[in-house]
Structure formats: C-alpha cells, structure tokens
Number of protein chains: 2
Amino acid sequence: MAAGNPTIHDVAKLAGVSTATVNRVLKGGYVSADARTAVETALKETGYRPNSMARGLRMRRSYTIGQMLTEITVNPFFANVAQGVENAARANNYRTVLFNHSNDSKRERLGIERFIDDHVDAVLFCTSTDATNLALLDRSGIPYVELERSRTTAAPFIRVDNYTGARQAMVHLVELGHRRVAFVGGDPAIQLPNSRRGYAVEEERLNAYRDCVQEFDLLTDPRLVRLGKYYSMSDTFPGASGYRHTRALLELDQPPTAIFATCDILAAGALQAIYDCRLRIPEDISIVGFDDTLAVCLAPALTTVSQPMARMGAAGFQCALDLIEGRAPLNEQTLPAELVVRASTGRAPG
Amino acid sequence: MAAGNPTIHDVAKLAGVSTATVNRVLKGGYVSADARTAVETALKETGYRPNSMARGLRMRRSYTIGQMLTEITVNPFFANVAQGVENAARANNYRTVLFNHSNDSKRERLGIERFIDDHVDAVLFCTSTDATNLALLDRSGIPYVELERSRTTAAPFIRVDNYTGARQAMVHLVELGHRRVAFVGGDPAIQLPNSRRGYAVEEERLNAYRDCVQEFDLLTDPRLVRLGKYYSMSDTFPGASGYRHTRALLELDQPPTAIFATCDILAAGALQAIYDCRLRIPEDISIVGFDDTLAVCLAPALTTVSQPMARMGAAGFQCALDLIEGRAPLNEQTLPAELVVRASTGRAPG
DNA sequence: TTGTATGCGTTATCAA
DNA sequence: TTGATAACGCATACAA
C-alpha cells in the first residue's frame, strides 16, 4: 500500500467483485446488500481514494477552476476575492489554480494558455487586462466569468455598486459638516477604454463624488480632484501615489478638510502624508478609503467603503459552475458596498 | 476544433504519421526531416496542446504542488510566500494548489486528504499545525517540505535566521540610544511544544531581545516583555493584541522609549495605540516590526525586519522538486532576515 | 527511422 | 444484479 495508492481494481479484488460493482456502490446504483457490504469494508480497508486525473480524463472535466488575478501580493483585495472563490469551490468539490498577470497582457495570455493546458472547466477573472485574451478561451470552449471589471458583454459579470458605496462615503462626510472635500482616485480615462459595459469602477466613484458636490453644494475646485493610478506594480511603496496627491492637496492655499481616497492603499499613502505634515486625523482632516482591506490596520483605523470581496468570489464561482453544468447564470449581478465608519472621520474643523 | 481540443491523434492524422512520431518530435528523438516538418506544421495548424490529465495519468505525476498555508488573507506573509512558490513552480512547469487551514488541525487534515486525492507530487507547508497530519502524507508516499516552522525532523526545512534578524533590530535601537526597550511578540510557549527542531521562531526572537538587553545593559523589567499571539483568526482587527499590549506599556510608570513588535500586524496595533495616546513616532517613541508586510503602508512607514518570503517559497519549491525527482535536498536551509530602516525609529527622547 | 499496441485508473455501456 | 469491456489522451516498449 505504501507503494502506490490503491485503485478501484484493488478494492474490487479485495471485495471479490468487479470494478463496475465498486463503482456502483460509490456512485449509487443497483447493488445487492451482500456486495455492498463487501465493497464497503474493502473501501475502508484499502483507504481507497479515486484518482482525480483518471477521473478527469474519463469525464472530460478537471474539476478545476482557473483564477486569473491582477496580483495577489500587491492588494489584499485579490487575496480576499480568491479566498471567496476557493471556499465556494471546495464546497463543491472543485479546486482552483491561481495565476497573477501583474497587469501585463502578455503574461495574462500565457496564464490563459496554461489554464487551457490544464483543462480547467472555467476561468474567473479579477480582472482581465484585455478582451482579446478572453477570446482565447472562447476558442477552447472554456466558459469564464468576470469579477469587478468587465471587458466583454458575453460573460457573466459580478460587479459592485460603486456608485452607491462612494455616495455613502460622501454623505457621511457631508453629515460631519465637510464642505471642502477632495477626491483622490483612479482615473476613469485609464480604465474606461477597456470597459465594455456602462460602468467603470472609477467612473462610478467619481460620478458619486461629483453628484454629491453638486447636490450638497460643496466647494467645487478642480484642484481638489486628483486622478491617477491606485498603485503602481513597480513602486517600492504601493501607496506612493496617494502620498503625492495628498501632499499636493495639503499645500493648497485652502486645503480640503476631508479626503475621499477610493482605495485603501491610496488612503494609506494619504495617512503617511498627513502624518508627515503633523496634522491630526480626524481633528484636522478626515479621510475615507475604499475596499476595506488595509483599513483596519492603519492608524487611525480607516473609515472606508467595504467591498464584499468574499461574496464576489463566491458568486463568481457559482456562475462558473452554472456555466459548466449548462445552466444560464445571470449575465450581471450587482453586489452592494457599504460604508464602515471607524476612526479616521470626524466633524469638520473650524 | 471548437468542439473538443485537438489530441495527439489529430496531429498524427493530419501529418500522416503515427502518434509515436508526433511524440518523438515533441519530446526529441530520431525523426526524419520530412516527418519532422510535417508534424510541425500539423502542430501549428491544430494548435495542439497536450492534455495534462492524460499525461499525469500516464506519467503517474500530476505536476502539481499542494501549498498548505495558515491563512492567506490574515497575514500578507502567506501571500508573499505563496507567490514565491508559485513563480518557481511555473518556471518548472508546475502548478500549485492552495489550501488554508486557519490554524485548525482538522481542516488541515481535510486539506491534506484533498491533496492526496489530487495526487499532488509534493506538499509545501507554511506552516503545519501538527505532525500527525504530516504522517498522512508519509503513508501516501508524498514528499513534503516545511517552511518557517518545523514539526518534524525528516522533511526538508527552510527557515529564516530569526535570531540575527531580531538582533539587528535591537542593535539599531541601541545605537539610537534606547535603553528602555519593550518586546511585544509571540509566546514561545504557544508554539514551542509543536516544534521539532532547536529553534522556534518565537524563541529565537525573544532570545535575541534578551541577549541584547544583557549585552548592552538595557533596562530589565519583566513588564516590558509582553507575550501572546501575533493575531487571532477570529478578531475583527488582527492587530488587537498589539494594541492592548502597547496600551499597557504606555500606562507603565516608566513607559519604554522603543518597542520591538515581532510581527508587522502587532506593530500596526501598536501604532494605533500610540496614535490614540497622541504620542508621536519616532519623537516620543520608536517602534520596529518584523516581516516587512504591512510595514511600508503604515504611518509612519515602519522600520522592520524583512523576511525573505519569496525566496523562502522558491527554495521550498526547489526542495520539493528535488524530492520528487529523487535527489536529496539539504535537510535544512537558513535564509537571512534583514533590518529595513524606515520612519518609525529615531533617537531616544530625553 | 517508424508504427503498433498496451496500460495508466476511471466511468459507463452493454450483455448476461 | 453483475461483469466484461471500451474509451478518455498520452507515453513508451517493442517490433518492424
């Protein structure tokens, strides 16, 4: 037994039946009581476990989901989504294989080819760099699901209601009396061209900001809106961009009393900038993040818009499973984001 | 072609040769020039990719490594190690499958059984909860490697020189004039009973602290040594333990001028406590972390002992591959940890 | 230099 | 109710 795992043949021989009978007790079927007990004891004795490769070959199904992630180490967001997928997958006897493309379309292509080699039953993207990469899967007949951002309209898409989430953040600040609120966030222009649906993450968040500025008659100053990337893969400090923007904001003749940074990593950089300027949060300035990843670890603990990362992953897996098994999942699902108030927001000074 | 991927038979038929010949041009062997070109064009035309399950079945090798992690979402340390493993694995045509046991030995057991079902070629642990779980693999003849912590002496073990790393942190503080240095760290008593080798992570770090206190004649006060868990899986805020310990330290009649927190998550909690007490870092108090995970994101950016997480993962994979292919890797490898000085340490006040 | 034939372990059809 | 058998796609021993 030490040398090589027991196969269904070993079980059959031990039980004095054929492999077909063993299979029947395993999968359910007409088996006599005698045969059943014989097989069951043989099963126990051998400690038989089916060989997943043989089964996969035979069933033309690998029971494996490929997860294409941007970069699991650079933003905890991805680890949390992956975790959600993983748990849902395990519960359904699926396993997952990860691949990080680091926003490099060529690498993503490589990863997709690996997925095809692995005969994954479906692929989850969070998020894809490029619609042409997705087309590779179409050719192989492998279904896929997009999370967070969408590059195509054909595949099911699990999204988050970024508009409402961002709006909650703004309303919270307004209620605290802030009227000079800065926005530090992703530039819609960077992502939008790639987006195939009505909403790009960045656009939604920015729209919520702008709408609230209008609606609540906040100070409008173009210098308060700072757009760019959330973080750079190559920067030694991912929050560098948030740091720079915040420094610039604090040097304004009339600095904002609150900053809405639409990613906890940006917010982390903002906190560092504020710390360097020896300002006190929230007494001197309030700050709200987005994601709820680093938020709870920062000083002070960050008020942030929490994304349902694990739920997104789980919903994505469910879609994938539907696709695999020939059911038609919703083409689009929107999950809510929710403001979590912690210690980084307070009444506007003055 | 859309329905079903091309097999080696398709290629053979198209090229007008046998599957054996196709295999020969794929794997290298005696093939006539004519046959070779015919096969090569057929390969291109079909876009043939070998079926990894069929190959795995035939070769009795899955080209898959199982990674057993404590919990990828709770500490970025694990994501970084996993990333290191992953990259090394990909470079060697291996894939990895993750499993998080959340410090639950039963869950770990479950995961190992899944790995056995998957016929993984080897398992990497970072870290195992329990030596009896490892024994399951022995019975299946699956080799394994331990990272960071060891529960057995048989398997190769990739460790970090925690003593020297921690010592660097202490020397750094001493050089800055600190004489009242607190230690907030893991309790050796929690982990040591499980450890099968001379060094437990916690013991090494604590020993370095104690040795330095002696050697540099620092203040010895048992109240300055705060032991416990790095973080709790269930706490809403992982840094809670660091927060509590730090609050207690700051309430001492003679609070420390520096804190060595032996995990960035603990340090994050310490930063929050210090922030709440309206003390300024490093002017009022210095703090050093360990790991270099959150460090760069905290305010102020944390001076910390950097662990070679990706290297540990890569070295672990190499060991696993050696084991799989019948080579004998070193039973133990020690990687260095290195102090990274950032903004949270400065001259002792007063 | 090339092709035939077999087995890896599982599932499932079909005949008994 | 059961067993013999074929097939999934690949790799390879052996024969030609």
Side-chain angles (χ1 to χ4, degrees), chain A residues 1 3-40 42-43 46-64 93 116-121 140-142, chain B residues 1 3-40 42-43 46-64 93 116-121 140-142:
Chain A
M1 216 222 292
N5 289 313
T7 73
I8 199 167
H9 287 101
D10 300 327
V11 178
K13 204 186 324 174
L14 191 62
V17 299
S18 75
T19 62
T21 300
V22 176
N23 190 40
R24 273 179 212 111
V25 351
L26 252 21
K27 298 286 169 346
Y30 297 124
V31 189
S32 68
D34 282 5
R36 165 156 277 126
T37 52
V39 169
E40 272 164 358
L43 245 20
T46 54
Y48 169 76
R49 317 238 46 172
N51 180 319
S52 61
M53 290 182 287
R55 185 164 50 124
L57 180 59
R58 174 63 223 233
M59 305 287 278
R60 324 180 115 268
R61 194 165 159 185
S62 63
Y63 291 89
T64 303
N93 275 302
I116 295 173
D117 291 356
D118 291 353
H119 285 247
V120 298
D121 295 340
S140 297
I142 298 176
Chain B
M1 213 219 294
N5 289 313
T7 74
I8 199 168
H9 287 100
D10 300 327
V11 178
K13 202 184 329 171
L14 190 62
V17 300
S18 75
T19 61
T21 299
V22 175
N23 189 42
R24 274 178 209 110
V25 351
L26 253 21
K27 299 284 167 346
Y30 298 123
V31 189
S32 69
D34 282 5
R36 164 154 279 126
T37 51
V39 169
E40 273 164 358
L43 245 22
T46 55
Y48 169 76
R49 317 239 43 172
N51 180 317
S52 62
M53 290 182 287
R55 187 166 51 125
L57 180 59
R58 173 66 225 239
M59 305 288 278
R60 324 181 113 268
R61 195 164 158 184
S62 63
Y63 290 91
T64 303
N93 275 301
I116 294 173
D117 291 356
D118 291 352
H119 286 247
V120 298
D121 295 338
S140 296
I142 298 176

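Naming convention: chains lettered A, B, ... in sequence-line order (proteins, then strands); numbering from 1 in each chain.
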Any side-chain N or O of A/Y30 below 4.0 angstrom from OP1/OP2 of D/dG3?
no
Can you tell me which nucleotide in D/dC10, C/dG9, C/dC14 comes closest to the side chain of A/R24?
C/dC14
Between C/dG9 atom P and B/D118 atom CG, what is the distance in whole Å?
16 Å
For B/M59, which contact category applies under a 4.0 Å heavy-atom criterion: base, sugar-phosphate, or nothing?
sugar-phosphate
How many whole angstroms separate atom CZ of B/R49 from atom C1' of D/dC10?
15 Å
Output the rounded distance in Å from CG (B/L57) to P (C/dT10).
9 Å
Between B/K13 (NZ) and C/dT4 (P), how many Å, whole number?
14 Å
B/R58 side chain, from C-beta outward: closest of C/dT11, D/dA11, D/dT2
D/dA11
Is the backbone N or O of A/D117 less than 3.5 Å from a side-chain atom of B/S52, with the two atoms forming a donor-acceptor pair by type?
yes
What about A/R60: does its side chain form a donor-acceptor pair under 3.5 Å with the base of D/dG9?
no
Among D/dG3, D/dC10, C/dT10, the nucleotide that comes nearest once only the side chain of A/A20 is considered:
D/dG3
May I ask you to evaluate whether A/K27 reaches the phosphate of C/dA12, defined as a side-chain N or O under 4.0 Å from OP1 or OP2?
no
Is B/T46 reaching over with its side chain to a backbone N or O of B/A42, donor-acceptor style, under 3.5 angstrom?
yes
Can you tell me how far C1' of D/dT12 sits from CG of B/L26, to the nearest Å?
14 Å
For the residue pair A/R55 and A/Y63, would you count it as a cation-pi contact if the rule is NZ or CZ under 6.0 angstrom from the ring centre and within 45 degrees of the ring axis?
yes
Is the phosphate of C/dT2, meaning OP1 or OP2, less than 4.0 Å from a side-chain N or O of B/S32?
yes
Looking at every non-hydrogen atom in both residues, tell me the closest pair between B/N51 and A/H119 and how far apart they are.
ND2-CE1, 3.5 Å
Taking NE2 from B/H9 and P from D/dG9, how many angstroms apart are they, rounded to a whole number?
9 Å
Whole-Å gap separating P (C/dG3) and CD1 (B/I8):
12 Å
Which of D/dT2, D/dC10, C/dT10 is nearest the side chain of B/T7? It is D/dC10
Output for pair (A/S62 OG, A/M59 CE), nearest 0.5 Å, gives 11.5 Å
Give the nucleotide from the list C/dT2, D/dC8, D/dT2 with an atom nearest to the side chain of B/T21.
C/dT2
Under 4.0 Å between any heavy atoms, over every strand shown, what does A/N23 touch: base, sugar-phosphate, or nothing? Just pick one.
base
Spacing of A/D117 atom CG relative to D/dC10 atom P, expressed in whole Å
11 Å
